[in-house]
Amino acid sequence: MNRLFPLILIALGLLAFATIMLVILPAAQIRSIAPPAGLKPYSATEQRGRDHYVSLGCVYCHSQQPRLPEQAPDSARGWGRPSTAADYVYDRPHLLGTMRTGPDLLNVGARLSSRSWHLTHLYQPRAVEPASLMPSYPFLFEVKPKADADEVEIRLPPEYAPNDGVVVATPAALDLVAYLKSLDRTYPVAHPELRDNGFDGDDGLGESHQ
């Protein structure tokens with residue numbers, strides 16, 4: 001019983017130390033970070049798409065944190081420069097992710113800029129990436145006899161197209177794609193560690209898929 005009180009004090013001290021080092025100090029550092037000049041707040045459409053990204057659980061298979069070369073060959077994979085804290089100034093909640101069943105998406109808007117490609121990929125990933133493990137999201141689309149003038153029709157290979165009618169994107173699908181296209185962190189950075197490693201902005205991610 002005499003040892004219980006010191007053990008409790010030690011446990012509380014360790015908890016307080018961990019809270020200060022892992023929560024309070026990082027929060028204070030991040031709060032003072034200014035948005036980079038090339039980073040814009042999400043539009044209302046992009047924010048709705050981000051909400052769909054969260055609700056669909058995309059973060060369970062995709063990260064949004066390219067890493068330094070000594071940690072992973074992310075730059076060689078075409079995922080862009082390593083991310084910095086300033087890249088996430090407007091992100092609430094943060095969607096860093098830990099799993100990479102699919103590729104990192106922090107710069108997917110730079111390397112895959114076609115809305116048509118993203119819509120087809122969401123409807124049926126195997127239509128554009130035959131070996132893809134990603135689930136399809138047909139509930140984000142409608143099959144109609146004909147697309148209206150203000151609707152977006154999805155381009156599909158014959159084997160994935162419906163027998164009758166056409167596939168059109170719902171507003172949720174369009175919002176989600178708008179968010180994915182907004183993921184572009186290829187602007188120059190002032191982080192000294194990244195500049196020392198040769199990263200200063202656009203790393204050739206401007207690939208477009210029509």
Side-chain angles (χ1 to χ4, degrees), residues 30 33-69 71-123 125 128-129 132 134 137 140 152 155 169 171-195 197-210:
I30 292 173
I33 294 176
L39 182 64
K40 307 302 180 186
Y42 295 114
S43 68
T45 298
E46 293 163 354
Q47 185 59 56
R48 289 195 302 268
R50 193 172 194 274
D51 293 340
H52 290 309
Y53 182 97
V54 172
S55 68
L56 292 171
C58 303
V59 70
Y60 296 119
C61 292
H62 293 282
S63 62
Q64 290 190 24
Q65 50 170 332
R67 298 167 187 171
L68 289 166
Q71 297 173 329
D74 290 353
S75 179
R77 291 166 172 159
W79 294 350
R81 61 163 175 78
S83 59
T84 68
D87 293 326
Y88 308 101
V89 167
Y90 298 118
D91 286 11
R92 297 291 186 277
H94 297 95
L95 303 174
L96 300 181
T98 57
M99 296 295 294
R100 285 180 167 176
T101 306
D104 187 276
L105 297 182
L106 190 64
N107 287 298
V108 69
R111 66 180 184 262
L112 293 168
S113 59
S114 168
R115 182 178 70 169
S116 176
W117 187 95
H118 283 290
L119 289 171
T120 302
H121 187 241
L122 287 172
Y123 180 77
V128 291
E129 297 287 349
S132 177
M134 178 173 152
Y137 297 95
L140 294 176
V152 178
R155 300 177 184 175
L174 296 174
D175 290 346
L176 178 54
V177 170
Y179 168 65
L180 293 172
K181 284 171 57 63
S182 77
L183 293 176
D184 180 352
R185 307 296 189 267
T186 57
Y187 43 75
V189 293
H191 197 289
E193 184 176 4
L194 298 192
R195 290 193 176 278
N197 279 277
F199 296 101
D200 59 358
D202 190 345
D203 296 301
L205 294 178
E207 177 182 0
S208 177
H209 289 247
Q210 299 301 327

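Worth knowing before you read on, the calculation uses all heavy atoms, side chains too, and leaves out hydrogens, waters and symmetry mates. FYI, the numbering just counts along the sequence from 1.
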Sidechain N-carboxylate O distance under 4.0 Å for Asp87, Arg81: yes

In plain terms, say whether Arg50 and Asp91 are close enough for a salt bridge, that is, a side-chain N and a carboxylate O under 4.0 Å apart. yes

Which residues satisfy the side-chain contact (heavy atoms from CB on, under 4.5 Å) test with Pro171, sequence neighbours excluded? none

Restricting to side-chain contact (heavy atoms from CB on, under 4.5 Å), what partner residues turn up for Pro36, sequence neighbours left out? Leu39, Ala86, Tyr187

Strictly by salt bridge (charged side-chain N to carboxylate O under 4.0 Å, His left out), give each pair with a member in residues 33-45 just once, sequence neighbours left out. none

Main-chain N/O of Ser83 paired with Gln65 side-chain donor or acceptor, under 3.5 Å: no

Within the side chain of His118, is there an N or O that forms a donor-acceptor pair under 3.5 Å with the backbone of Leu176? no

Can you name the residues that form a side chain to side chain donor-acceptor pair (under 3.5 Å) with Gln47, not counting sequence neighbours? Asp51

Check side chain to side chain donor-acceptor pair (under 3.5 Å) between Thr45 and all other residues, then give those that pass, not counting sequence neighbours. Arg48

By salt bridge (Lys or Arg N to Asp or Glu O under 4.0 Å), which residues pair with Arg77, not counting sequence neighbours? Asp74

Please evaluate residues His62 and Val108 with respect to the criterion side chain to side chain contact (heavy atoms under 4.5 Å, CB included), reporting the C-alpha separation (whole Å), side-chain torsions for both, the decisive distance (0.1 Å), and the verdict. CA-CA 11 Å; His62 293 282; Val108 69; over 6 Å; no

Hey, mind stepping through Tyr90 and Glu46 against side-chain hydrogen bond (donor to acceptor under 3.5 Å, both in side chains) and telling me if it holds? CA-CA 12 Å; Tyr90 298 118; Glu46 293 163 354; over 6 Å; no

How long is the straight-line distance from CG of Leu183 back to OH of Tyr42, given to the nearest 0.5 Å? 5.5 Å

Are Thr120 and Arg155 linked by a side-chain donor-acceptor pair shorter than 3.5 Å? no

